[in-house]
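Below: the structure, in structure tokens.
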Amino acid sequence: MILGPPAHSMSRTAPDNSNAEDEWWKKTTVYHVYVRSFYDSNGDGIGDIQGIIEKLDYLHDLGYETIWVSPFTQSPQKDFGYDISDYLSISPEYGDMPLFEKLVEEVHRRSMKLIFDLVLNHTSSEHSWFIESASSRDNPKADWYVWKDGKGKKGLRRPNNWRAMAGNKAWTYHPRRKQFYYTAFLPFQPDLNYHNPEVKQAMFEVIRFWLNKGVDGFRLDIISAIYEDSELRSNPPSPRLTPSDKSLSIFFQNLKNNFLHEKSFEFAIELRRVVDEFDNPKRVLIGESHGDEALIHRFCRNDGQHGLHAVFLFKAISTPFKAEKYREMLMTFEKHFPEPLIPTLVFANHDRNRVISRLGGSIEKAKLLALFQFTCRGIPFTYFGDEIGIPRVRIPLKDGKDAIAIQHKWVPQFLVDRSSEILNLDECRTPMLWNERPRAGFCGSSAEPWLPVADSFREINVEKQISEPHSLLNFYRKILLFRNRTPSLHAGRLEILHDLCNRKILAYRRIFNEEKHVVLLNMSRQRVKIPLNKPVLLSTHPQSPVHQLQPFEGRIINESH
């Protein structure tokens, strides 16, 4: 299904030399495709590259300008693509290289951009590099991974106390080398040793390979883990049991020596130099990192040098849906990511609970959040299906296919169900709901989808929402198209209107030259009078009284002369 006329007649416009074109990524909107769950084109129950191609008109006509695709390179799929066994080939369940090249061509033909996940930190234990590295202590790639002798008489005790981000011990014993190898995440994902310049250069060549294929940039998976303490010193204790978006601590350990190492910020500068070799058009690097904004902004600018173009700010996911909290969040983003930097506006992804489920199923709140996301200064990211309100699908931990779920099967299910976030990542990765036909149109009726579709697919699907004028999907389309044609919203500066803000109202102004727009968001359950008597250009409640904001209503008001 498409929203509006097909885009087949569109061709990619040649980039000019203007600063605006050079910084396209500052103005863009990003749609995150989890390829395995987006659309199955060949009836095997698994989404694929051809499925993305067939749905490009849907994304284009919604108004999205950039597509971010989850990993599709060769992988054993133990972590569904984040365990790479060959950086330069395509996993056969998703397609092949000619099909990927067709995807690039079709995206660019619609004047859109394509970025994809690049996992720099680690490989699969089935990668040929690791197999060679593990074969002996003196082979050519012996030092391509982080190896260390164990402690104790037989060397069978772990080298230090490090924990991985997934909660497991960070060291795995390899009997052939009689040493431990380090993993920042899961035991089948050994970390590359970036203290070795050969590793760094090999990965730079991987980057150049894909940029030469026409990719417009990368989302860099957990860039904060690239370097670890060269002396492998143990981590200090922490009072925290679980990590947060600001604190890299888990199981009462501060991951000080294996995350956010000083050299990781320096590495971002080196990465920028590589992608800046490609400037027709400019390419983009967007990093994933937890941590305090006062620290992680250094991935973008460090000692006066340019690094990544942007970094994910997970504070947006964890901030309570309250006007005062959102105002504090905006102030934080503006403080640490002022021009020429830019914040990101990320409210969900393939590792976090679905937006609509965090909002208690409220369509009004979901529209208000969309209005906020697409009118703030920043790069907005939409996780696939959030535009129609796909909910979290409850899947018992014991049935989980996700590696984190498998590792934590011992956790009682009642504790899992009480959590506001998810431990079984399958629950936020279930298939896209295209229509009310069997399997929700994700795959043919004779195929078995790799994960179950949401039970509510007959009420929540693209085809149905297209026909409903006030659906969540049509509001996304409306606000996206409004943003795309309104310079103040995609290129203007932001002013928080503190005199209008309170416990119920969040207010800010976007300004570009003479164009001014005020955004008002009522983040409360009460009706609120507003003092502004200006034209309302867009509202989440189309028939609301002029001088009164309805509960959870947001508006864009024209202040231009």
Side-chain angles (χ1 to χ4, degrees), residues 16 18-30 63 65-66 282 284-286 293-294 296-301 304 306-313 315-316 319 323-347 368-382 479-502 505-521 523 530-532 534-539 554-561:
D16 59 31
S18 68
N19 187 60
E21 173 64 23
D22 285 349
E23 297 188 333
W24 61 265
W25 44 272
K26 282 190 175 183
K27 301 188 299 180
T28 198
T29 51
V30 185
E65 300 166 321
T66 297
K282 294 284 188 183
V284 68
L285 294 170
I286 301 173
E293 295 80 16
I296 64 175
H297 84 277
R298 293 180 59 200
F299 279 115
C300 301
R301 194 162 179 84
H306 293 294
L308 309 183
H309 298 83
V311 63
F312 278 177
L313 301 176
K315 185 183 185 72
T319 297
E324 290 183 316
K325 295 297 183 181
Y326 268 53
R327 174 163 53 148
E328 291 172 8
M329 178 175 69
L330 280 185
M331 292 169 65
T332 298
F333 288 177
E334 289 297 305
K335 175 181 179 181
H336 296 296
F337 294 87
E339 283 287 352
L341 305 182
I342 191 165
T344 56
L345 301 165
V346 182
F347 291 92
L368 190 63
L369 182 60
L371 184 72
F372 172 81
Q373 186 180 24
F374 292 110
T375 59
C376 280
R377 191 182 75 88
I379 308 171
F381 288 76
T382 300
I479 186 61
L480 273 160
L481 296 178
F482 189 90
R483 172 193 166 95
N484 293 346
R485 66 172 183 256
T486 307
S488 67
L489 297 184
H490 63 241
R493 72 180 190 271
L494 181 142
E495 293 179 355
I496 301 174
L497 302 177
H498 295 284
D499 56 330
L500 296 180
C501 293
N502 53 48
I505 299 295
L506 174 64
Y508 48 90
R509 179 182 289 118
R510 298 300 308 276
I511 305 168
F512 184 84
N513 296 333
E514 299 301 314
E515 183 180 274
K516 297 180 182 180
H517 291 97
V518 169
V519 180
L520 298 174
L521 299 101
M523 302 183 74
I530 56 174
L532 300 177
K534 300 283 186 178
V536 177
L537 300 178
L538 190 147
S539 171
R555 291 181 186 176
I556 302 174
I557 295 174
N558 187 7
E559 262 200 344
S560 302
H561 297 298

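Worth saying up front: this structure is predicted, and the values here are computed from it rather than measured. Position 1 is the first residue of the sequence; numbering continues from there.
The side chain to side chain donor-acceptor pair (under 3.5 Å) test with Ser488 is passed by exactly one of Arg493, Glu515, Lys516, Arg510: Glu515.
Applying the ring pair (Phe, Tyr, Trp, His ring centres under 6.0 Å) test to residues at least two apart or on different chains, the pairs with a partner in residues 323-345 are Phe321-Tyr326, Tyr326-Phe372.
Taking Glu293 as the reference, Lys246 meet the salt bridge (Lys or Arg N to Asp or Glu O under 4.0 Å) condition, with sequence neighbours excluded. Legend: residues meeting salt bridge (Lys or Arg N to Asp or Glu O under 4.0 Å) with Lys26, ordered by chain and number and at least two apart, are Glu23, Glu339. By the ring-ring contact (aromatic ring centres under 6.0 Å, His included) test, Phe374 is found to be paired with Tyr476, residues two or more places apart in sequence or in another chain being considered. Among residues two or more places apart in sequence or in another chain, the salt bridge (Lys or Arg N to Asp or Glu O under 4.0 Å) test is passed with Glu334 by Arg377. In terms of the ring-ring contact (aromatic ring centres under 6.0 Å, His included) criterion, His517 has no residue partners (sequence neighbours excluded).
Within the model, atoms CG of Leu308 and NE2 of His297 stand 12.5 Å from one another, a figure rounded to the nearest 0.5 Å. Between Leu506 atom CG and Glu328 atom CD the span is 11.0 Å, to the nearest 0.5 Å. The structure places SG of Cys501 at 9.5 Å from CG of Leu521, a figure rounded to the nearest 0.5 Å.
Side-chain atoms of Glu495 and Ile511, non-hydrogen and from C-beta on, do get closer than 4.5 Å to each other. With a 4.5 Å cut-off on side-chain heavy atoms, Ile342 and His309 do not count as touching. Contact annotation: the side chain of Thr29 approaches that of Asn484 to within less than 4.5 Å [non-hydrogen atoms, C-beta and beyond]. Here the side chains of Val346 and Leu313 are not in contact, with every heavy-atom distance at 4.5 Å or above.
Phe312 has its ring centre less than 6.0 Å from the ring centre of Phe381.
Residues Ala310 and Ile379 approach most closely at CB-CD1, 4.0 Å, considering heavy atoms. Among all heavy-atom pairs drawn from Val30 and Thr28, the shortest one is CG2-CG2, 3.9 Å. When all heavy atoms of Ile496 and Tyr508 are compared, the closest pair comes out as CA-CB, 4.0 Å. Taking every heavy atom of both residues into account, Pro380 and Arg483 meet most closely at CD-NH2, 3.6 Å. Scanning both residues, Asn558 and Lys534, for their nearest heavy atoms gives O-CB, 3.5 Å. Across Leu345 and Gln373, no two heavy atoms sit closer than the pair O-NE2, 2.9 Å.
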Checklist entry - Could you go step by step and tell me if Ile556 and Thr375 meet the side-chain contact (heavy atoms from CB on, under 4.5 Å) rule? => result CA-CA 9 Å; Ile556 302 174; Thr375 59; 3.7 Å; yes
Item to check | Test log, rule side-chain contact (heavy atoms from CB on, under 4.5 Å), inputs Leu520 and Ile530 | outcome: CA-CA 9 Å; Leu520 298 174; Ile530 56 174; 4.1 Å; yes
Checklist entry - Arg485 and His490: side-chain hydrogen bond (donor to acceptor under 3.5 Å, both in side chains), yes or no, with the steps? => result CA-CA 8 Å; Arg485 66 172 183 256; His490 63 241; over 6 Å; no
Checklist entry - Please walk me through it: do Thr332 and Lys315 pass side-chain contact (heavy atoms from CB on, under 4.5 Å)? => result CA-CA 10 Å; Thr332 298; Lys315 185 183 185 72; 4.0 Å; yes
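Formation of a donor-acceptor pair under 3.5 Å by the Trp25 side chain with backbone atoms of Leu285 is not found in this model.
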